[in-house]
Amino acid sequence: MTKIALVTGANKGIGFETAKQLAQHNIKVLLGARNETEGKKAEEVLRGLLLDVTYIKLDISDSADIEKVKSYIESEYAALDILVNNAAVFLDSAWFGNNTETVSLQTLRDTFDINYFGTVELTQALLPAIKKSAAGRIVNISSVSGSFGVHQDETHWLHALKPYAYSASKTALNQFTVFLAHALRETNIKVNAANPGWVKTSIGSDQAPLTPEGGAKTGVALALLDENGPSGTFSEAGETLPW
Ligand SMILES: NC(=O)c1ccc[n+]([C@@H]2O[C@H](COP(=O)([O-])OP(=O)(O)OC[C@H]3O[C@@H](n4cnc5c(N)ncnc54)[C@H](OP(=O)(O)O)[C@@H]3O)[C@@H](O)[C@H]2O)c1
């Protein structure tokens with residue numbers, strides 16, 4: 001039976017490439033995007049490659065959108081096999097430096113609304129459909145900037161980069177990954193966090209060394225884990241990262 005996947009924030013960047021690569025594995029992909037024009041454009045490009053992709057309007061910070069997507073998936077499909085929580089924003093003023101003393105509560109709230117609360121609300125809403133899958137996979141696209149281990153390591157290249165709102169939202173997402181994996185430990189569902197690497201996108205900037213195609217690989221591999229694969233992990237290209 002054809003597997004069904006939902007990728008959030010899939011109109012561009014790593015999410016678009018994730019949708020493309022999953023569809024290339026003959027998976028039916030629901031391409032989530034908050035902007036209809038951009039979502040439909042992405043759908044058209046992937047359909048032009050003969051891939052089975054359907055645009056779905058989804059702003060993950062909008063509860064009404066989440067409700068509609070939940071109803072749509074439950075009415076159209078027997079189960080949801082793969083959820084890739086990719087959508088996120090970077091709202092801090094800069095990557096460099098440490099803005100912990102000054103970042104506004106508004107920036108913190110706006111960042112958490114999408115990167116954390118939206119992701120948690122969507123995942124909880126879709127869990128009944130994922131539980132109907134024979135092998136559900138939830139992949140949270142996180143970031144090493146949310147890693148305590150990295151920020152405690154003065155030799156790590158990211159040590160000097162401390163945008164607080166974005167990083168804290170990814171730390172919270174990592175906690176969600178660990179707790180959800182534990183909650184679902186008696187099921188066939190695996191929940192893992194991925195660091196894509198530093199990727200050339202709106203969030204990663206033009207300076208980044210990786211292409212979106214390369215950046216999508218860790219998340220795609222975790223989405224395709226077989227029954228022997230791990231759950232409750234944080235990794236990049238098969239290498240475990242410190243929480
Ligand atoms: N690039 C990197 O170096 C890097 C490194 C570590 C982790 N990551 C993570 O990788 C993931 C993808 O980011 P990216 O680098 O590909 O950046 P990107 O090109 O800016 O893509 C972000 C995507 O998320 C979408 N999005 C934002 N808010 C949303 C919302 N409320 N509802 C639905 N979609 C929303 C954006 O839609 P719009 O086009 O409408 O804004 C866009 O499609 C993120 O989780 C990011 O934190 C990236």
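Along the sequence shown, the residues carry numbers beginning at 1. As the structure is a computational prediction, the values presented were derived from the model and not from experiment. These values consider heavy atoms only, across backbone and side chains, with no hydrogens, waters or symmetry-generated copies. Atoms within a ligand are numbered from 1 in the order they appear, just like the ligands themselves.
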- Item | Exam field: side chain Asn192 to backbone Pro230, donor-acceptor pair closer than 3.5 Å | yes
- Distance in Å, Ile189 CD1 paired with Lys131 NZ, rounded so as to fall on 0.5 Å steps: 6.5 Å
- With a 4.0 Å cut-off, would you call Glu36 and Lys40 a salt bridge? yes
- Task: Looking only at protein heavy atoms, identify the closest one to atom 25 (C) of ligand 1 and say how far it is in Å.
- Result: Gly9 CA, 3.7 Å
- What part of Ile203, side chain, backbone, both or neither, has a heavy atom within less than 4.0 angstrom of ligand 1? both
- Message: Going by side-chain hydrogen bond (donor to acceptor under 3.5 Å, both in side chains), Asp65 matches just one of Lys70, Arg34, Lys57. Which one?
- Response: Lys57
- Got the closest protein heavy atom to atom 21 (O) of ligand 1, with its distance? Lys12 CE, 4.0 Å
- Of the protein's non-hydrogen atoms, which lies at the shortest distance from atom 7 (C) of ligand 1, and what is that distance? Ser142 O, 3.0 Å
- Which of these passes side-chain contact (heavy atoms from CB on, under 4.5 Å) with Phe234: Asn140, Leu241, Thr177, Val178? Leu241
- Select one of side chain, backbone, both or neither to describe which atoms of Val89 lie under 4.0 Å from any atom of ligand 1, heavy atoms only. side chain
- Heavy-atom closest contact (Leu161 atom, Trp157 atom, distance): CD1-O, 4.1 Å
- Query: Is the shortest side-chain N to carboxylate O distance from Glu38 to Lys41 below 4.0 Å?
  - Reply: yes
- Query: Where is the nearest protein heavy atom to atom 16 (O) of ligand 1: which residue, which atom, and how far?
  - Reply: Ile14 N, 2.9 Å
- Below 4.0 angstrom from a heavy atom of Ser143, which ligand 1 atoms are there? Numbered from 1 as shown, please. 6 (C), 7 (C)
- Task: Report the nearest protein non-hydrogen atom to atom 34 (N) of ligand 1: residue, atom name, distance rounded to 0.1 Å.
- Result: Ala87 CB, 3.4 Å
- side-chain hydrogen bond (donor to acceptor under 3.5 Å, both in side chains) evaluation trace for Asp113 with Ser61: CA-CA 6 Å; Asp113 266 348; Ser61 64; over 6 Å; no
- Parallel, tilted or perpendicular: which describes the rings of Tyr166 and Trp95, with under 30° parallel and over 60° perpendicular? perpendicular
- Among Ser202, Gly219, Ser205, closest by any non-hydrogen atom to atom 20 (O) of ligand 1: Ser202
- Checking side-chain hydrogen bond (donor to acceptor under 3.5 Å, both in side chains) for the pair Asn85/Thr8: CA distance, chi angles, key distance, verdict? CA-CA 6 Å; Asn85 284 315; Thr8 66; 4.6 Å; no
- Going by the atom numbers of ligand 1, which of them fall below 4.0 Å from some non-hydrogen atom of Gly204? 1 (N), 2 (C), 3 (O)
- Heavy-atom gap Gly215 to ligand 1 smaller than 4.0 Å: no
- Message: Can you report which non-hydrogen protein atom sits closest to atom 41 (O) of ligand 1, along with the distance?
- Response: Arg34 NH2, 2.8 Å
- For Trp198, atoms of ligand 1 separated by under 4.0 Å from a heavy atom: 3 (O)
- Task: With atom 44 (C) of ligand 1 as the reference point, say which of Leu210, Asn86, Ile141, Asn35 has the nearest heavy atom.
- Result: Asn86
- Query: Taking heavy atoms and a distance under 4.0 Å, where does Lys200 meet ligand 1: side chain, backbone, both or neither?
  - Reply: neither
- Note on the structure: Atoms of ligand 1 under 4.0 Å from any heavy atom of Asn195, numbered from 1 in the order shown, are 6 (C)
- Message: Treating Ser167 as the side-chain partner and Pro163 as the backbone partner, does any N or O pair qualify as donor plus acceptor under 3.5 Å?
- Response: yes
- Message: I'd like to know whether ligand 1 has Tyr166 as a neighbour, heavy-atom separation below 4.0 Å.
- Response: yes
- Query: Taking all non-hydrogen atoms of both residues, which atom of Glu236 and which atom of Gly197 are closest, and how far apart?
  - Reply: OE2-CA, 3.4 Å
- Item | Closest approach of any protein heavy atom to atom 31 (N) of ligand 1, naming residue and atom | Asp59 OD1, 2.9 Å
- Are side-chain heavy atoms of Thr218 and Ser235 found at a separation under 4.5 Å? yes
- Note on the structure: Counting from 1 in the order shown, the ligand 1 atoms closer than 4.0 Å to a non-hydrogen atom of Gly13 are 16 (O), 19 (O)
- Task: For Lys170, take its heavy atoms, then give the atoms of ligand 1 lying under 4.0 Å from any of them.
- Result: 44 (C), 45 (O), 46 (C), 47 (O)
- Would you find more than 12 non-hydrogen atoms of other residues, nucleotides or ligands less than 6.0 Å from Asp206 atom CG? no
- Could you check atom 15 (O) of ligand 1 against the protein and tell me its nearest heavy-atom contact, residue, atom and distance included? Thr201 OG1, 2.5 Å
- Any N or O on Ile60 sitting closer than 3.5 Å to an N or O of ligand 1? yes
- Option with minimal heavy-atom separation from atom 22 (C) of ligand 1, where the choices are Ala216, Ala88, Gly197: Ala88
- Query: What do we get for Pro196 next to ligand 1 when only non-hydrogen atoms under 4.0 Å count, side chain, backbone, both or neither?
  - Reply: side chain
- Message: Ignoring hydrogens, what is the shortest heavy-atom contact between Ser205 and Trp198? Give both atom names and the distance.
- Response: OG-CZ2, 4.2 Å
- Honestly, for Leu58 the part within reach of ligand 1 (heavy atoms, under 4.0 Å) is backbone
